[in-house]
Amino acid sequence: MKEIYENARKLMKGYCRVCPECNGNACAGEVPGMGGLGTAAAFKENIKALHAIRLNMRLIHDVSEPDTAISLLGRQMALPLLAAPIGGVSFNMGGQVSEQAYIRAILNGCKEKGIMGCTGDGVPNFIHETGLAEIQALGGHGIAFIKPWADKELFEKIQKVRDTGTDTMGIDIDAAGLITLKQMGRPVFPRGIEKLRQIIQRSSMKFILKGVMTVKDANAAVEAGADAIVVSNHGGRVFEFTPGAASVLPAIADAVKGQVAILADGGVRSGGDVLKLLALGADAVMIGRPFCVAAVGGLQAGVESYIDKIRTELEQAMVLTGVKKASQVPGNIIFQSA
Ligand SMILES: Cc1cc2nc3c(=O)[nH]c(=O)nc-3n(C[C@H](O)[C@H](O)[C@H](O)COP(=O)(O)O)c2cc1C
């Protein structure tokens with residue numbers, strides 16, 4: 001990964017410093033860019049919440065070849081991992097690679113390694129259009145996330161997503177906080193349970209609501225008929241004042257585990273972090289910024305190397321905690337001080 005990081009540092013100059021630890025400190029306030037909003041407090045909360053968790057090391061057991069595979073929304077995946085939806089290479093990452101080269105690297109790298117890549121949405125339109133074209137080119141292997149636009153645009157985009165051949169899509173409901181879009185004359189806003197139910201039904205795809213940070217919203221997502229939620233504060237880019245995703249995940253999992261698939265993201269930087277979120281109740285985990293760095297720095301090969309790195313770390317962490325299956329991670333691997 002060293003060469004990939006060095007290359008990314010050059011290509012992302014002025015947008016991402018490719019820090020030894022991607023923690024929101026150096027890039028605070030850089031939105032657009034790769035940072036967290038304002039003081040980046042919500043980005044940093046994601047990191048802090050994961051750091052605060054310690055795992056019980058256990059080595060008297062017979063787990064030497066842990067099984068990292070899971071089944072998510074009807075798809076078999078080699079790892080409990082997805083590349084989070086991220087778009088806007090030109091204004092977030094410096095534009096030294098094209099939107100197409102970037103998203104192609106993400107989607108192909110993920111497919112090659114048996115996981116799923118997601119595509120993002122925004123202004124200008126080519127962000128989602130490029131993502132959708134690449135999902136279509138891969139025969140529907142990818143999950144498109146669109147923003148909670150006004151109805152006309154929303155339903156047009158849902159149709160376009162369906163046309164790609166994918167069977168799963170999502171809305172990042174937390175993007176309702178992006179006032180910049182409203183300023184560009186492209187309003188985004190929250191919807192109530194009834195309206196969401198109509199949207200989900202009309203989509204006739206498996207549907208993910210991304211940006212759930214409370215038990216109340218998790219229950220509402222179930223009621224609206226979502227197939228999955230992503231416990232996420234959008235990497236700290238929409239609202240400065242939220243807790244970290246890992247802090248709210250246990251209560252949300254208590255409330256809705258088994259009723260919807262639970263994904264979570266924010267600050268995940270290693271296979272150990274993936275295991276922590278699974279132990280807190282997630283069924284699968286998304287990683288955001290580090291995938292961008294890998295894709296810009298090394299295109300598809302960079303993405304594949306990054307997935308290999310996470311896989312190796314996850315396997316090590318599973319062996320060192322005695323976890324046999326990523327699909328059944330017990331909560332009691334988390335260290336509780338007496
Ligand atoms: C530059 C950038 C652009 C993003 N664009 C989108 C997007 O279009 N749709 C979306 O659902 N989330 C978007 N996100 C949020 C990510 O999907 C994800 O929730 C977040 O990056 C996870 O945190 P992490 O980067 O600390 O892993 C974006 C994040 C970044 C950093």
Side-chain angles (χ1 to χ4, degrees), residues 12 15-16 18-19 21-25 27-37 40 42-51 81-95 99 102-103 106 116-132 142-149 157 161 169-178 180-181 186 188 208-213 228-239 242 244-246 263-270 273-274 277 282 285-296 306 310:
M12 297 176 89
Y15 291 81
C16 175
V18 189
C19 300
E21 186 190 48
C22 171
N23 57 18
N25 284 331
C27 55
E30 294 179 6
V31 182
M34 296 298 286
L37 192 69
F43 181 169
K44 293 178 198 172
E45 284 297 318
N46 282 336
I47 302 279
K48 263 195 260 169
L50 276 165
H51 273 185
L81 176 67
L82 298 93
I86 291 189
V89 180
S90 56
F91 51 86
N92 287 319
M93 300 170 217
E99 195 81 27
Y102 161 78
I103 200 63
I106 294 276
M116 294 298 292
C118 303
T119 61
D121 186 14
V123 177
N125 282 337
F126 70 75
I127 297 176
H128 84 274
E129 281 165 2
T130 312
L132 296 187
I143 301 176
F145 280 82
I146 61 173
K147 305 235 173 286
W149 306 108
K157 283 194 170 165
V161 174
M169 69 161 292
I171 293 184
D172 45 328
I173 54 172
D174 51 6
L178 293 174
T180 43
L181 294 175
R186 302 278 295 277
V188 276
I208 307 174
L209 295 178
K210 177 168 179 284
V212 170
M213 286 294 285
I229 57 170
V230 188
V231 177
S232 170
N233 65 11
H234 212 104
R237 289 170 69 84
V238 292
F239 191 40
T242 74
L263 287 78
D265 76 13
V268 175
R269 300 293 178 260
S270 66
D273 285 344
V274 172
L277 288 186
V285 169
M286 286 182 172
I287 296 181
R289 295 172 178 91
F291 264 110
C292 303
V293 170
V296 173
Y306 182 68
I310 295 291

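Note that these values count all heavy atoms, side chains included, but never hydrogens, waters or copies made by symmetry. Order of listing sets the numbers, starting from 1, for every ligand and every atom in it.
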*Before signing off on this row, confirm whether Ile86 and ligand 1 have an N or O atom pair separated by under 3.5 Å.*
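No - when backbone and side-chain N and O of Ile86 are compared with those of ligand 1, no distance drops under 3.5 Å.
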
*Consider every N or O of Val268 and every N or O of ligand 1, then say whether any pair is closer than 3.5 Å.*
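Such a contact does not occur with ligand 1.
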
*Against heavy atoms of Arg237, which atoms of ligand 1 measure under 4.0 Å?*
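Heavy-atom distances to Arg237 below 4.0 Å select 1 (C), 2 (C), 29 (C), 30 (C), 31 (C).
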
Specify the protein heavy atom at minimum distance from [atom]: its residue, its atom name, and the distance to 0.1 Å.
{"atom": "atom 15 (C) of ligand 1", "answer": "His234 CD2, 3.5 Å"}
{"atom": "atom 7 (C) of ligand 1", "answer": "Lys147 NZ, 3.4 Å"}
{"atom": "atom 18 (C) of ligand 1", "answer": "Asp265 OD2, 3.2 Å"}
{"atom": "atom 27 (O) of ligand 1", "answer": "Gly288 N, 2.9 Å"}

Answer with side chain, backbone, both or neither: which part of [X] has a heavy atom less than 4.0 angstrom from an atom of ligand 1?
{"X": "Asp121", "result": "backbone"}
{"X": "Pro85", "result": "both"}
{"X": "Met93", "result": "neither"}
{"X": "Asn92", "result": "side chain"}
{"X": "Arg269", "result": "side chain"}
{"X": "Lys210", "result": "side chain"}

*Relative to atom 20 (C) of ligand 1, which among Gly235, Gly122, Gly87, Ala42 owns the nearest non-hydrogen atom?*
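Ranked by closest heavy atom to atom 20 (C) of ligand 1, first place is Gly235.
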
Counting N and O atoms only, with roles assigned by atom type, does the side chain of [X] sit under 3.5 Å from a partner on the main chain of [Y], one being a donor and the other an acceptor?
{"X": "Asn233", "Y": "Gly235", "value": "yes"}
{"X": "Asp121", "Y": "Ile146", "value": "no"}
{"X": "Asn92", "Y": "Gly87", "value": "yes"}

*Passes side-chain contact (heavy atoms from CB on, under 4.5 Å), Leu263 versus Val231? Steps please.*
CA-CA 6 Å; Leu263 287 78; Val231 177; over 6 Å; no

*So is Gly88 in contact with ligand 1, going by heavy-atom distances below 4.0 Å?*
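For ligand 1, residue contact (heavy atoms, under 4.0 Å) with Gly88 is absent.
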
*asked:* Between ligand 1 and Gly33, can you find any atom pair, the residue atom being a heavy atom, that is separated by under 4.0 Å?
replied: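 Contact check Gly33 vs ligand 1: positive.
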
_Tell me whether Lys210 is salt-bridged to Asp174, with the criterion being a basic N under 4.0 Å from an acidic carboxylate O._
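Answer for the salt bridge query: no.
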
_Student check: side-chain heavy atoms of Val123 and Leu181 closer than 4.5 Å_ =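 Val123 vs Leu181: side chains touch.
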
*Would you check if Tyr102 and Ser90 make a side-chain contact, meaning some heavy-atom pair closer than 4.5 Å?*
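No, too far: nothing below the 4.5 Å cut-off.
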
*Will you find, in the side chains of Glu21 and His51, an N or O donor that is under 3.5 Å from an N or O acceptor?*
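A donor-acceptor contact under 3.5 Å links the two side chains.
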
*Will you find, in the side chains of Arg186 and Asn125, an N or O donor that is under 3.5 Å from an N or O acceptor?*
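Judged by distance alone, the side chains do pair up.
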
*Do Asn46 and Arg269 pass the side chain to side chain donor-acceptor pair (under 3.5 Å) test, and can you show the C-alpha distance, the side-chain angles, and the key distance before you say yes or no?*
CA-CA 11 Å; Asn46 282 336; Arg269 300 293 178 260; over 6 Å; no

